[in-house]
Asker: 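Have a look at the structure that comes next, please.
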Amino acid sequence: YWSNNEVERRKKINAQKAEQEQKEREEAIKETSIQIAQQTADAIFQIVNTNRNNEFNAQIQNLQTLKDRELSNKELSEAQKARIEERYQRKIAEIKTKQAIADRNAALAQAVINGALAITKTIAQLGFPAAIPAVIAVAAQTAIQLAVIGATKIPKFAKGTEFVHGGGTETSDSVPA
């Protein structure tokens with residue numbers, strides 16, 4: 001038989017072991033929850049981006065179909081064809097500009113969410129108030145990322161065309177292919 005001291009010591013060891021196991025379970029739950037939140041956010045952004053790009057591509061395809069229909073008229077002069085081509089290229093450029101703006105806005109939103117998740121993870125790992133310096137660093141990094149994304153210029157899409165209409169005009173080059 002064990003002495004009372006030995007029994008107490010073993011109870012204490014078992015209690016400490018159970019407490020440590022409980023802390024490890026809680027940490028695993030926190031980590032898993034953060035990973036699930038990150039994966040969910042990433043999946044949602046991927047779905048939204050895919051849908052948005054599909055919508056813009058469908059708009060461009062519809063314009064292409066309309067343009068082809070107009071250009072199929074055999075009685076059009078070359079000047080009329082060039083005007084039709086230019087009009088549709090402007091419309092496509094407008095759509096691509098809208099798409100670039102939407103892509104930039106989505107990148108900004110994703111950076112904010114990723115920053116918030118990183119802050120949450122930092123607090124979960126280090127505890128509060130020990131996490132304050134790391135949270136400040138993560139917030140600063142997120143702010144820099146937002147500034148870089150926000151400063152990215154939206155491309156200017158040329159009004160020109162993918163077809164060459166004579167040498168040295170606005171919508172063509174003068175270099176023979």
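What's counted below: heavy atoms across the whole structure, side chains too, no hydrogens, waters or symmetry copies. Start at 1 with the first residue, then count along the sequence.
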Asker: Kindly determine whether Glu86 and Arg83 satisfy salt bridge (Lys or Arg N to Asp or Glu O under 4.0 Å), including the steps that lead there.
Answerer: CA-CA 5 Å; Glu86 188 174 326; Arg83 282 194 299 275; over 6 Å; no
Asker: Determine, step by step, whether Gln22 and Arg25 satisfy the side-chain hydrogen bond (donor to acceptor under 3.5 Å, both in side chains) criterion, reporting the C-alpha distance in whole Å, the side-chain angles of both residues, the deciding distance to 0.1 Å, and the verdict.
Answerer: CA-CA 5 Å; Gln22 179 64 27; Arg25 279 192 298 276; 2.7 Å; yes
Asker: Would you say the side chain of Gln89 lies within less than 4.5 Å of the side chain of Lys67, judging by non-hydrogen atoms?
Answerer: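 In contact.
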Asker: First locate atom CG of Asn57, then atom NZ of Lys96, and finally report the distance between them rounded to the nearest 0.5 Å.
Answerer: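 NZ of Lys96 is found 9.5 Å from CG of Asn57.
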Asker: Drop me the distance from Ile84's CD1 to Leu66's CG, to the nearest 0.5 angstrom.
Answerer: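 Reported value, rounded in 0.5 Å steps: 11.5 Å.
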Asker: Which residues satisfy the side-chain contact (heavy atoms from CB on, under 4.5 Å) test with Gln125, sequence neighbours excluded?
Answerer: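 Only Glu31, Lys121 meet the side-chain contact (heavy atoms from CB on, under 4.5 Å) criterion with Gln125.
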Asker: Would a hydrophobic clustering, with Ile, Leu, Val, Met, Phe, Trp and Tyr connected at side-chain separations under 4.5 Å, put Ile123 with Leu126?
Answerer: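 No; Leu126 is not reachable from Ile123 via cluster members.
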Asker: Using a distance-only test with no angle check, is there a side-chain donor-acceptor pair under 3.5 angstrom linking Gln20 and Gln16?
Answerer: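 Judged by distance alone, the side chains do not pair up.
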Asker: Is there a side-chain contact (heavy atoms from CB on, under 4.5 Å) between Asp42 and Gln110 once you walk through the steps?
Answerer: CA-CA 8 Å; Asp42 290 345; Gln110 189 163 15; 3.4 Å; yes
Asker: Count the heavy atoms belonging to other residues, nucleotides or ligands that lie under 6.0 Å from NZ of Lys91, then report whether that count exceeds 12.
Answerer: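 For Lys91, atom NZ is crowded (more than 12 foreign heavy atoms under 6.0 Å).
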Asker: Quick one: list whatever passes side-chain contact (heavy atoms from CB on, under 4.5 Å) with Gln39, sequence neighbours left out.
Answerer: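 Result, side-chain contact (heavy atoms from CB on, under 4.5 Å) vs Gln39: none returned.
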Asker: Where do Asn114 and Gln38 land on the side-chain hydrogen bond (donor to acceptor under 3.5 Å, both in side chains) test, with the steps shown first?
Answerer: CA-CA 7 Å; Asn114 288 344; Gln38 180 69 57; 2.9 Å; yes
Asker: Identify the two heavy atoms, one from Thr97 and one from Pro155, that lie closest to each other, and give their separation to 0.1 Å.
Answerer: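 Between these two residues, the closest heavy atoms are OG1-O, 4.2 Å.
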Asker: How long is the straight-line distance from CD of Gln61 back to CZ of Phe56, given to the nearest 0.5 Å?
Answerer: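 CD of Gln61 is found 16.0 Å from CZ of Phe56.
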Asker: Between Arg9 and Glu6, is there a side-chain N and carboxylate O pair less than 4.0 Å apart?
Answerer: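 The answer is yes: the pair qualifies as a salt bridge.
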Asker: Rounded to the nearest 0.5 Å, how far does CD1 of Ile44 lie from CG of Asn49?
Answerer: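 CD1 of Ile44 is found 12.0 Å from CG of Asn49.
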Asker: Using a distance-only test with no angle check, is there a side-chain donor-acceptor pair under 3.5 angstrom linking Tyr88 and Glu70?
Answerer: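 Looking only at side-chain atoms, Glu70 and Tyr88 do form a donor-acceptor pair, the distance falling under 3.5 Å.
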Asker: Which pair of non-hydrogen atoms, one from Glu27 and one from Ala124, has the smallest distance, and what is that distance?
Answerer: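 Minimum heavy-atom contact is OE1-O, 3.7 Å.
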Asker: Please find the pair of heavy atoms, one from Arg69 and one from Ser72, that lie closest to each other, and give the distance.
Answerer: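 For Arg69 versus Ser72, the nearest heavy atoms are O-OG, 2.6 Å.
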Asker: Find the distance between CD1 (Ile36) and CD1 (Ile29) and round it off to the nearest 0.5 Å.
Answerer: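 Ile36 CD1 to Ile29 CD1: 10.5 Å, rounded to 0.5 Å.
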Asker: Can you confirm whether more than 12 heavy atoms, excluding those of Asn4, are under 6.0 Å from its CG atom?
Answerer: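 At most 12 heavy atoms, drawn from other residues, nucleotides or ligands, come within 6.0 Å of this atom.
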Asker: Give the minimum heavy-atom separation between Thr122 and Ala118, together with the two atoms involved.
Answerer: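 In this case the closest contact between Thr122 and Ala118 is OG1-O, 2.8 Å.
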Asker: How long is the straight-line distance from CG of Leu71 back to CG of Leu76, given to the nearest 0.5 Å?
Answerer: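 Atom-to-atom, Leu76:CG and Leu71:CG are 7.0 Å apart.
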Asker: In residues 132-154, what donor-acceptor pairs under 3.5 Å come from side-chain atoms, sequence neighbours left out?
Answerer:
| unit_1 | atom_1 | unit_2 | atom_2 | d |
| --- | --- | --- | --- | --- |
| Thr142 | OG1 | Val138 | O | 2.9 |
| Thr152 | OG1 | Val148 | O | 2.9 |
| Thr152 | OG1 | Ile149 | O | 3.3 |

Asker: So, Lys23 and Glu19, do they make that salt bridge, N to O below 4.0 Å?
Answerer: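 Salt bridge: yes.
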